[in-house]
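Per chain, numbering begins at 1; letters A, B, ... match sequence-line order. None of these values were measured; they are calculated from a predicted model. What's counted below: heavy atoms across the whole structure, side chains too, no hydrogens, waters or symmetry copies.
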Amino acid sequence: MSSRKFTETLSHTLADWRVTPQRNPRFRTAVWARLEADRRPPTWAGYARAHRAIVAAALMAAVVLGAFTGRERARERDAAARAALVADYVHGLDARWMRHP
Amino acid sequence: MKNLLFTLGLVAAACALSFGVFYAVNREPAAVQQALRAGDAMAWLRTEFQLNNAQFAAIQQLHEAYGEKCTEHCAAIMAAQKRAAPSAEIAALEKTCVDAMAVHFKHVAALMPAGQGERYLAIVLPRVADYDHRGAPNVQVHH
């Protein structure tokens with residue numbers, strides 16, 4: 001087959017070709033649904049994904065801050081109670097304190 | 001805005017949870033805490049320095065014996081003050097009291113488990129110097 005004849009055949013075939021796609025009755029609804037979804041505020045998961053670096057950093061900082069302050073507060077509290085008890089214990093055995101009623 | 005607020009709430013909750021966990025984990029053991037809360041020096045000694053029953057009984061006995069000596073020192077100091085004795089005499093009586101206390105604490109430390117005695121002395125000896133005439137103590141040492 002010559003090149004010219006091939007081109008003519010192809011042109012006829014393309015000219016005769018008709019596409020008859022099946023109608024999707026839900027196409028319009030689906031498009032509107034997607035448009036509506038974009039208009040709605042994002043879910044928290046979507047928000048977190050969009051700001052993942054900031055959210056992760058804030059959570060990490062909160063955990064570290066909570067851990068540090070929790071540990072310090074526990075130690076301070078026990079240290080204060082211990083210091084008071086030790087002072088009472090030692091003073092209770094100290095005759096110099098006993099003359100001050 | 002709602003998501004931002006929710007995120008801030010989550011961050012605050014994470015901080016609070018972390019605080020709570022680390023606070024609980026870093027507190028003293030329950031027995032020590034109880035002794036500290038009750039202001040019970042003997043219970044504190046027992047738990048803080050991990051005394052067994054024999055060690056605790058021996059230390060309790062030492063404290064009771066020292067209590068009598070302490071009362072004598074106290075009476076001597078008060079008598080000297082009452083008769084307006086020279087300050088050198090009062091200072092000498094106070095020194096006797098301080099020396100006796102230091103010896104007593106060393107005896108107590110010697111009865112403690114290895115390593116605990118040094119820790120005990122490091123805690124109590126600096127307190128002997130902590131005398132600033134602020135008032136009388138209230139301690140549950142003598143049982």
Shared hydrophobic cluster for A:I54 and B:L5 (ILVMFWY, side-chain gaps under 4.5 Å): no
ILVMFWY network linking B:L121 to B:M112, side-chain heavy atoms under 4.5 angstrom: yes
Distance, nearest 0.5 Å, that separates CZ of A:R75 from CD of B:E28: 10.0 Å
Where A:W44 and B:N3 come nearest, the two heavy atoms and their spacing: CA-OD1, 3.3 Å
B:A35 portion near chain A, given a 4.5 angstrom heavy-atom threshold: backbone
B:F19 reachable from B:L17 in the ILVMFWY side-chain graph, under 4.5 Å edges: no
Part of B:V124 lying under 4.5 Å from any heavy atom of chain A: both
Choice from A:A83, A:A48, A:A62, A:A58 maximising heavy atom contacts with chain B below 4.5 Å: A:A62
Per-residue contact mode, B:L4 against chain A (heavy atom under 4.5 angstrom): both
Shortest non-hydrogen contact between A:L59 and B:A14, atoms and distance: CD2-CB, 4.0 Å
Partner residues of B:Q61 under the side-chain contact (heavy atoms from CB on, under 4.5 Å) criterion, sequence neighbours left out: none
Pairwise distance CG(A:L65) to CZ(B:F22) - rounded to 0.5 angstrom: 12.0 Å
Heavy-atom contact with chain A under 4.5 Å, split by part of B:L93: neither
Spatial distance of atom CG (B:N26) from atom CG (A:D78) [nearest 0.5 Å]: 9.0 Å
Path from B:F49 to B:F56 over hydrophobic side-chain contacts below 4.5 Å: yes
Part of A:A61 within contact of chain B (heavy atom distance under 4.5 Å): neither
Partner of B:Y23 by side chain to side chain contact (heavy atoms under 4.5 Å, CB included), out of A:R71, A:E72, A:R73: A:R73
Closest-packed option against chain A by number of heavy-atom pairs under 4.5 Å, given B:M1, B:Q33, B:E48, B:R37: B:E48
Neighbour count above 12 (heavy atom, 6.0 Å) for A:R49 CZ: no
A:R77 CZ: over 12 foreign heavy atoms closer than 6.0 Å: no
B:V98, part contacting chain A, at a heavy-atom distance under 4.5 Å: side chain
Most contacts with chain B, counted as non-hydrogen pairs under 4.5 angstrom, among A:A84, A:A81, A:G46, A:G66: A:G66
Spacing of B:D40 atom CG and A:L85 atom CG [to the nearest 0.5 Å]: 8.0 Å
Contact leader toward chain A among B:A13, B:A12, B:C15, where contacts are heavy-atom pairs under 4.5 Å: B:C15
Joint cluster assignment, B:I123 & B:L45, ILVMFWY side-chain distance < 4.5 Å: yes
Parallel, tilted or perpendicular, as decided by the 30° and 60° cut-offs, for the rings of A:Y89 and B:H63: perpendicular
